[in-house]
Amino acid sequence: MTELEKSMESMIVVFHRYAKEGGNKTTLSKKELKKLIENELPSFLKSQKSSDTVERIIKDLDENKDDELDFEEFLPFVAGITIACEKHFDLCQEQKGKK
Ligand SMILES: [Ca+2]
Ligand SMILES: [Ca+2]
């Protein structure tokens, strides 16, 4: 697999790892999204000052208003962070150092 294909697979695998934990197995609840962000995007969370970050994210992304995020709704969130990460290089510096 190419590097980009691996990245795409990782996004899918990570999404489903958290989505399947409870309730609807194919969507992320608020609790599951919070856990995903805490475990997989710690530097993003650090960059957010307000405590209602997760709630705000769900509100912004939840197109069909079921209070859960399916993969299609989740993807723009990852894309948004990726763009921010590319613009503010320091934000992902930490993660790059780990590899
Ligand atoms: Ca779920
Ligand atoms: Ca939804």
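Order of listing sets the numbers, starting from 1, for every ligand and every atom in it. The figures here come from the full heavy-atom set of this structure, side chains too, leaving out hydrogens, waters and symmetry mates.
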Among the N, O or S atoms of Asp66, the one nearest the Ca ion (ligand 2):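 Output for this pair reads OD1.
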
Which N, O or S atom of Glu73 lies nearest to the Ca ion (ligand 2), by name: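 Result for Glu73 and the Ca ion (ligand 2): OE1.
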
Within 3.0 Å of the Ca ion (ligand 2), is there any N, O or S atom belonging to [X]?
| X | result |
| --- | --- |
| Glu68 | yes |
| Asp67 | no |
| Asp62 | yes |
| Asn64 | yes |

Phe74 and Phe15 aromatic ring geometry - parallel, tilted or perpendicular at 30°/60° bounds: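 Tilted, since the angle between the ring planes falls between 30° and 60°.
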
More than 12 heavy atoms of other groups within 6.0 Å of Gln48 CD: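 It does: Gln48 CD has more than 12 such atoms within range.
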
Option from Lys20, Glu68, Glu32, Glu73 for which side-chain hydrogen bond (donor to acceptor under 3.5 Å, both in side chains) with Thr27 holds: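 Testing Thr27 for a side-chain hydrogen bond (donor to acceptor under 3.5 Å, both in side chains) against Lys20, Glu68, Glu32, Glu73 leaves exactly one candidate, Glu68.
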
Glu55 and Lys59 ion-paired at < 4.0 Å: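 Salt bridge between Glu55 and Lys59, a charged N being under 4.0 Å from a carboxylate O: no.
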
Near the Ca ion (ligand 1), is there an N/O/S atom from [X] that is less than 3.0 Å away?
| X | answer |
| --- | --- |
| Thr27 | yes |
| Lys20 | no |
| Ser29 | no |
| Gly23 | no |

Shortest non-hydrogen contact between Thr26 and Ala19, atoms and distance: C-CB, 4.1 Å

